[in-house]
Amino acid sequence: MVEHKSPDSRIDLDAVFGAIADPTRRSMLMSLASQPRSIGELAAPFDITLAAASKHVKVLERATE
């Protein structure tokens, strides 16, 4: 995969767009934009386990490393 990085940033745009391509992760990200949330709070609106919610959060975190 091609890494699109600006000279001023080390953010991999492919990773960012890949992470937010998933509707569950986009919803979690929108929720986190307003205030910090626990994994349980992030998982609550979805029919997913806490482990699955944690994996979604890890994808979001890795996309911004």
Side-chain angles (χ1 to χ4, degrees):
M1 203 176 283
V2 175
E3 292 185 21
H4 304 283
K5 296 181 181 180
S6 71
D8 301 324
S9 175
R10 294 189 173 271
I11 295 176
D12 177 354
L13 292 180
D14 287 336
V16 171
F17 286 118
I20 62 173
D22 182 274
T24 300
R25 286 193 289 270
R26 278 196 312 274
S27 181
M28 288 178 165
L29 191 58
M30 294 297 291
S31 178
L32 287 167
S34 62
Q35 68 182 35
R37 308 242 186 230
S38 69
I39 293 295
E41 290 170 325
L42 290 172
F46 308 100
D47 187 24
I48 60 174
T49 64
L50 294 179
S54 180
K55 287 180 182 181
H56 279 296
V57 170
K58 287 177 186 175
V59 171
L60 291 169
E61 288 174 338
R62 279 194 309 266
T64 61
E65 290 179 340

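Quantities reported herein were computed from a predicted structural model and do not represent experimental measurements.
- A63 and A15 make their closest contact through CB-O, 3.5 Å (heavy atoms, listed as atom of the first residue, atom of the second, distance).
- With sequence neighbours excluded, the residues that form a side-chain contact (heavy atoms from CB on, under 4.5 Å) with R26 are I20, P23.
- With sequence neighbours left out, the side chain to side chain donor-acceptor pair (under 3.5 Å) criterion links T64 to no other residue.
- E41 and P45 get closest at one heavy-atom pair: O-CD, 3.5 Å.
- Residues satisfying the side-chain contact (heavy atoms from CB on, under 4.5 Å) criterion with S31, sequence neighbours excluded, are R37, L42.
- If you take CG on D22 and CG on L29, they are separated by 11.5 Å, rounding to the nearest 0.5 Å.
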For a quick test of your reading: what N or O donor-acceptor pairs under 3.5 Å do the side chains of residues 49-62 make, sequence neighbours left out?
from : atom 1 : to  : atom 2 : distance (Å)
T49  : OG1    : A51 : N      : 3.4
T49  : OG1    : A52 : N      : 3.0
H56  : ND1    : R25 : NH1    : 3.1

